[in-house]
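Okay, structure first, notes after.
As the structure is a prediction and not an experimental result, all values here were calculated from the model.
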Amino acid sequence: MNVSAKFFDASAPVAFAGKDAANTPAFRWYDKDRLVHGRRLEDHLRFAVCYWHSFCWPGGDPFGGETFLRPWHHGTDPMAMARAKADIAFELFRLLDVPFFTFHDVDVAPEGSSLAESVANLNAIADLFEAKMAAAKVRLLWGTANLFTHRRYMAGAATNPDPDIFTYAAGQVRAALEVTHRLGGQNYVLWGGREGYETLLNTDLKRELDQLGRFVSLVVEHKHKIGFKGPILIEPKPKEPTKHQYDFDVATCYGFLERYDLLKDVKLNIEQNHAILAGHSFHHEVALAEALGVFGSLDINRGDDLLGWDTDQFAMNVPELALVFHEILNRGGFTSGGLNFDAKIRRQSIDPDDLIHAHVGSMDACARAFLAAADMLDAAALTTPLAKRYDGWAGPEGRAILGGQRSLADLADRAMSPGFDPQPRSGRQEYLESLVNRYV
């Protein structure tokens with residue numbers, strides 16, 4: 001293994017240069033110190049670089065092998081490779097000047113021949129992270145455990161038919177949660193990529209859901225035991241790698257959390273690509289999570305609307321992002337969550353600096369969209385028409401209905417009274433769509 005001391009061509013952190021800047025890489029919209037609604041833009045957006053796509057993915061696909069040829073992917077000493085990967089990761093964090101990063105346990109440290117060896121490797125890399133973070137700006141947005149890649153998890157982790165595999169997964173999560181806590185992580189994520197089924201012929205749905213509910217409850221119990229203050233985040237996804245995943249979408253997750261009495265401690269980490277795989281818009285999933293009180297954080301990326309799998313491209317769709325940020329900002333913004341780039345450069349983007357350009361471009365798209373959302377909110381462009389659409393419910397009769405002061409018979413009698421003939425009003429959809437276009 002030969003990792004050059006200078007992997008990237010860039011050496012100075014990317015800076016804001018204004019929307020007409022000719023130099024590259026440069027931020028044209030993301031001015032981290034700009035005040036918006038009383039907070040710095042950096043504190044609103046809370047960008048995070050993910051470890052897995054940026055430093056672990058080799059550029060392969062089902063039809064071809066690696067294209068990136070990262071030097072830390074090749075060697076005979078797995079821990080030396082992990083330390084070299086960490087050096088490059090923290091250099092990218094510095095160049096992008098991001099406040100956060102995220103990781104799975106096996107992204108950062110190699111699996112050993114036993115769980116004890118794997119945990120020892122993870123803690124050794126956590127020692128390295130602590131030292132690097134002490135001399136850097138970047139902090140940990142969240143950590144998680146990979147419970148889907150190893151063959152032991154081919155039938156799930158929490159939902160596995162073998163309780164010993166459930167137990168092994170519990171050991172892996174305990175270690176990842178404790179390292180996340182040790183590194184000051186602000187959240188902990190559970191993504192159940194194998195928590196689902198391929199066929200109902202060999203699946204006991206009730207048993208598996210009960211197992212999953214117990215597993216998440218165990219994680220919550222341990223979070224409180226060690227004093228971890230951040231929320232546990234579940235990440236909805238309808239399929240891939242399983243045919244059907246139990247955390248299908250926001251609505252499904254809400255029902256699961258309510259059933260197993262987990263709403264107090266568990267929120268959702270929502271991803272654009274997962275939303276469209278579930279047949280929803282990104283805006284829908286965020287709006288529903290906010291409405292149900294389970295919104296936590298975002299994996300910011302985009303999928304290809306023409307493809308039925310998780311392409312994990314960098315988010316560049318400003319109009320789509322503006323509506324999502326309008327929803328979030330209107331309800332107060334992020335608390336412990338943020339914008340994690342669960343996104344990967346394309347297989348042909350083989351230059352190291354492509355990682356920089358991809359993140360900078362998406363950070364700018366997010367910033368541009370966020371500023372548009374703030375402008376829409378300041379002008380009450382969408383909130384005023386929305387309030388007017390429902391203004392009848394703010395009146396005496398609307399309040400009485402929702403307050404339990406009217407029975408079904410009361411309403412029926414009023415509906416049958418002489419002259420009672422309510423008329424519909426326009427939803428003004430085209431007007432609202434054209435209005436949004438004024439801002440984006």
Side-chain angles (χ1 to χ4, degrees), residues 48-68 102-107 141-142 144-150 153-157 159 189-198 233-253 268-286 288-289 296-317 320-321 324 337-349 354-355 358-359 361-362 365-366:
V49 173
C50 84
Y51 224 86
W52 53 101
H53 286 323
S54 294
F55 312 112
C56 302
W57 185 52
D61 65 19
F63 299 92
E66 66 174 317
T67 59
F68 296 154
T102 58
F103 66 82
H104 299 84
D105 50 357
V106 300
D107 299 336
L141 185 66
W142 51 258
T144 187
N146 180 324
L147 304 180
F148 49 87
T149 298
H150 195 282
Y153 296 129
M154 64 184 181
T159 59
V189 167
L190 294 170
W191 178 64
R194 303 283 180 188
E195 314 301 350
Y197 64 80
E198 303 297 337
L233 301 176
I234 287 179
E235 183 172 329
K237 188 179 182 183
K239 57 188 175 183
E240 190 195 30
T242 57
K243 175 182 178 179
H244 174 86
Q245 202 163 300
Y246 294 136
D247 49 10
F248 190 95
D249 59 7
V250 168
T252 305
C253 288
L268 301 184
N269 182 49
I270 299 168
E271 178 178 314
Q272 190 271 4
N273 207 159
H274 296 176
I276 64 172
L277 289 177
H280 306 306
S281 69
F282 191 23
H283 187 190
H284 165 89
E285 289 290 86
V286 171
L288 184 58
S297 193
L298 293 181
D299 268 9
I300 197 73
N301 64 13
R302 83 181 193 275
D304 190 314
D305 291 341
L306 300 180
L307 300 176
W309 63 86
D310 209 1
T311 59
D312 285 337
Q313 296 164 250
F314 277 85
M316 300 290 183
N317 188 331
E320 175 187 56
L321 293 169
V324 167
L339 298 177
N340 173 53
F341 286 111
D342 187 355
K344 57 190 177 188
I345 54 177
R346 298 301 88 189
R347 190 168 181 264
Q348 298 178 53
S349 299
D354 287 329
L355 277 170
H359 283 90
S362 196
C366 290

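- Here the closest heavy-atom approach between residue Ala275 and residue Ser281 is recorded as CB-O, 3.8 Å.
- When the side-chain contact (heavy atoms from CB on, under 4.5 Å) test is applied to Glu240, the partners found at least two apart in sequence or on another chain are Lys237, Leu277, Trp309, Asp310.
- In this structure the side chain of Glu271 reaches within 4.5 angstrom of the side chain of Asp312, judged on heavy atoms.
- Taking CG of Asp105 as the reference point, atom CG of Leu147 lies at 7.0 Å (rounded to 0.5 Å).
- Side-chain contact check for Ile345 versus Phe68: some heavy-atom pair is nearer than 4.5 Å.
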- Applying side-chain contact (heavy atoms from CB on, under 4.5 Å), run through Gln245 and Trp191 and close with a yes or a no. CA-CA 10 Å; Gln245 202 163 300; Trp191 178 64; 3.3 Å; yes
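- A 4.5 Å side-chain heavy-atom check between Ser54 and His359 finds at least one atom pair inside the cut-off.
- Counting heavy atoms from C-beta on, the side chains of Trp142 and Asn269 come closer than 4.5 Å.
- Inter-residue side-chain proximity for Phe282 and Asn301 is flagged as unmet; no heavy-atom pair is nearer than 4.5 Å.
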- Message: Please evaluate residues Glu235 and Leu268 with respect to the criterion side-chain contact (heavy atoms from CB on, under 4.5 Å), reporting the C-alpha separation (whole Å), side-chain torsions for both, the decisive distance (0.1 Å), and the verdict.
- Response: CA-CA 6 Å; Glu235 183 172 329; Leu268 301 184; over 6 Å; no
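- If you take CD1 on Ile300 and SG on Cys366, they are separated by 4.5 Å, rounding to the nearest 0.5 Å.
- Shown here for Ala48 and Leu141, the closest heavy-atom pair between the two residues is CB-CD2, 3.9 Å.
- In plain terms, the two heavy atoms of Ile270 and Ala289 that are nearest each other are CD1-CB, 3.5 Å.
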- Message: The test is side-chain contact (heavy atoms from CB on, under 4.5 Å); show your working for Asp342 and Asn273 and say whether it passes.
- Response: CA-CA 10 Å; Asp342 187 355; Asn273 207 159; over 6 Å; no
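- With sequence neighbours left out, His280 forms a side-chain contact (heavy atoms from CB on, under 4.5 Å) with Asp249, Ala278, His284, Glu285.
- The CG atom of Asn340 sits 4.5 Å away from the CG atom of Asp299 when rounded to the nearest 0.5 Å.
- Between Val106 and Trp52 the shortest side-chain heavy-atom distance does not fall below 4.5 Å.
- Residues passing the ring pair (Phe, Tyr, Trp, His ring centres under 6.0 Å) test with His244 are Tyr197, Phe248, sequence neighbours excluded.
- Smallest separation of non-hydrogen atoms from Cys253 and Ile234: SG-CG2, 4.0 Å.
- Between the CZ atom of Phe148 and the CD atom of Glu195 there is a distance of 11.0 Å, given to the nearest 0.5 Å.
- The two residues Gly337 and Ser297 make their nearest non-hydrogen contact at CA-OG, 3.5 Å.
- The closest side-chain heavy-atom distance from Phe341 to Thr102 is not below 4.5 Å.
- Considering only residues two or more places apart in sequence or on other chains, Arg346 meets the side-chain contact (heavy atoms from CB on, under 4.5 Å) condition with Thr311, Gln313, Lys344, Ser349.
- Listed for the Arg194 side chain is no donor-acceptor partner under 3.5 Å among the backbone atoms of Ala155.
- No side-chain heavy atom of Asp247 sits under 4.5 Å from any side-chain heavy atom of Thr252.
- Remark: Tyr51 engages Phe55, Phe129 in a ring pair (Phe, Tyr, Trp, His ring centres under 6.0 Å) (not counting sequence neighbours).
- Of the possible donor and acceptor atoms, none in the side chain of His104 sits under 3.5 Å from a partner among the backbone N and O of Asn146.
- His283 pairs by the ring pair (Phe, Tyr, Trp, His ring centres under 6.0 Å) definition with nothing, not counting sequence neighbours.
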